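On a predicted model such as this, the values are computed, not experimentally measured, just so you know.
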Amino acid sequence: MTLFRHRLLAAAAAVAVLLPAAAGAHRQWMLPSTTVVSGDDAWVTVDAAISNDLFYFEHFPMRTPPAVTQPDGSAGKIENWNTSRYRSTFDVHLTQKGTYKIAAVSDGVMGSYTLDGQQQRLPRGLTADKLAAAIPTGATDVRTTTSTSRNEIFVTSGAPTTTVFKTTGKGLELVPVTHPNDLVSGEAATFQFLLDGKPAAGLPVTVIPGGIRYRDALKQMDLKTGADGTVRITWPEPGMYWLNVSTGGGRGEAGAAQPAAPQAAPPARRATYIATLEVLAP
């Protein structure tokens, strides 16, 4: 196979997996240098970007530093943050023993309304508490979607712990039955997902091993959460994997005209969970 044909097929596979998603749905990810460390002065370096090819820098960097939760539940610190053309990089000093969570979380509202016969879009970066003020008097056909996104990685220094998996009851969250830093190829792992604190039943789960730029087959696994929000994943080989769970969601229903005090109809709901997981050899 020629190099041109190889890359053409790889590009076609990447496009195919993106078609069911929302427009402009490039994959966002964080890639740690390792997920399991030992020693008394351990560090982890993380690349963070948005791209088509997983763990390859070719589109946009992550622009906002994530939050760090230390094994005792306290806030950690991002060090040496740097943003370049295609990626951001940063370090985390692992000063405690146990499992760390590094998470980029966003929460907002998007949508539109009609005013004086013209459709207007809600401003970017709008949060739910600012929604009412953003819709002018006389607006009709108000359509909104609330969106919550989590992009997480986990790193363990020494023995794994579970404090960082305490849930907030907001958006899609991971409750590991199998610890995410204890994944081995050929063995099954079980994860539970909650949506706003309740089991997220029937949601699509996408799992893709990294390195798709250098192979013809995407090797994507398409799974679904059960009634209790759990999914069982058997890892075919060692390596870094990208995991995505999403509710989908679309435009809200049109709201009735409210000339004096315009109000939106109940918004549609969209929630996304992303994680990069390292699977080790037996």
Side-chain angles (χ1 to χ4, degrees), residues 1-37 43-66 68 78-92 100-106 149-155 174 180-181 183 185 189 204-223 233 235-246 272-281:
M1 180 183 294
T2 66
L3 177 62
F4 173 79
R5 178 170 173 75
H6 178 95
R7 291 191 172 180
L8 183 63
L9 289 172
V15 170
V17 75
L18 290 173
L19 284 177
H26 297 90
R27 301 181 185 97
Q28 58 173 295
W29 47 265
M30 292 187 287
L31 182 67
S33 54
T34 184
T35 62
V36 179
V37 300
W43 292 73
V44 63
T45 296
V46 180
D47 293 314
I50 300 167
S51 64
N52 288 314
D53 289 343
L54 282 173
F55 315 140
Y56 182 78
F57 322 115
E58 35 81 327
H59 194 57
F60 290 122
M62 176 187 287
R63 298 195 179 277
T64 303
V68 178
I78 295 292
E79 300 191 43
N80 304 320
W81 174 268
N82 179 69
T83 297
S84 57
R85 176 62 181 85
Y86 290 121
R87 65 173 170 176
S88 293
T89 60
F90 61 90
D91 297 323
V92 177
Y100 286 72
K101 177 170 67 175
I102 303 170
V105 181
S106 64
S149 174
R150 294 181 184 275
N151 182 2
E152 299 182 336
I153 55 176
F154 304 95
V155 180
L174 170 67
N181 293 144
L183 308 178
S185 64
V205 179
T206 301
V207 182
I208 306 175
I212 62 177
R213 181 177 177 84
Y214 304 107
R215 63 176 184 264
D216 293 341
L218 190 60
K219 298 185 178 180
Q220 174 172 324
M221 292 183 281
D222 294 307
L223 308 168
I233 305 168
W235 314 99
E237 58 190 8
M240 292 290 191
Y241 286 76
W242 183 81
L243 179 146
N244 175 251
V245 185
S246 178
T272 302
Y273 181 88
I274 297 168
T276 299
L277 303 168
E278 184 176 28
V279 176
L280 301 178

For [X], all residues meeting side chain to side chain donor-acceptor pair (under 3.5 Å), sequence neighbours excluded:
X	answer
N244	none
N80	D91
Y273	E152

| query | Is it the case that T45 and W43 place a side-chain donor and acceptor less than 3.5 Å from each other? | reply |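 Side chains of T45 and W43: no pair found under 3.5 Å.
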
| request: Answer yes if the side chains of W29 and S51 hold a donor-acceptor pair under 3.5 Å, and no otherwise. | output: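 Indeed, the side chains of W29 and S51 share at least one donor-acceptor pair under 3.5 Å.
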
Where is the tightest heavy-atom contact between [X] and [Y], given as atom of each residue plus distance?
X	Y	result
P66	A104	CB-N, 3.9 Å
S185	P236	CB-C, 4.5 Å
S246	P204	O-CD, 3.4 Å
T34	V36	OG1-O, 3.2 Å
T89	D47	CG2-OD1, 3.0 Å

Do the side chains of [Y] and [X] get nearer than 4.5 Å, heavy atoms only?
X	Y	answer
L280	L183	no
Y241	M221	yes
V46	L31	no
T276	M240	yes
R87	M62	no

[atom1]-[atom2] distance between [X] and [Y], expressed to the nearest 0.5 angstrom:
X	Y	atom1	atom2	value
S88	M30	OG	CE	11.0 Å
Q220	I212	CD	CD1	9.0 Å
H59	I50	NE2	CD1	7.0 Å
I102	I153	CD1	CD1	4.0 Å
L174	K101	CG	NZ	9.0 Å

| task | For side-chain contact (heavy atoms from CB on, under 4.5 Å), just list the numbers for L243 and T206, CA-CA rounded to whole Å, side-chain angles, deciding distance to a tenth of an Å, and then say yes or no. | result | CA-CA 6 Å; L243 179 146; T206 301; over 6 Å; no

| request: Evaluate the side-chain contact (heavy atoms from CB on, under 4.5 Å) criterion for residues R150 and I274: first the C-alpha distance (whole Å), next the side-chain angles of each, then the deciding distance (0.1 Å), finally the verdict. | output: CA-CA 6 Å; R150 294 181 184 275; I274 297 168; over 6 Å; no

| query | Going through the distances and angles, do V68 and I78 end up as a side-chain contact (heavy atoms from CB on, under 4.5 Å)? | reply | CA-CA 7 Å; V68 178; I78 295 292; 3.5 Å; yes

Exam field: side chain [X] to backbone [Y], donor-acceptor pair closer than 3.5 Å:
X	Y	result
W242	Q28	yes
E58	N52	yes
E278	T35	yes

| field | Full working for side-chain contact (heavy atoms from CB on, under 4.5 Å) between R27 and L54 | value | CA-CA 7 Å; R27 301 181 185 97; L54 282 173; 3.5 Å; yes

| Parallel under 30°, tilted from 30 to 60°, perpendicular over 60°: which one fits the rings of Y214 and Y56? | perpendicular

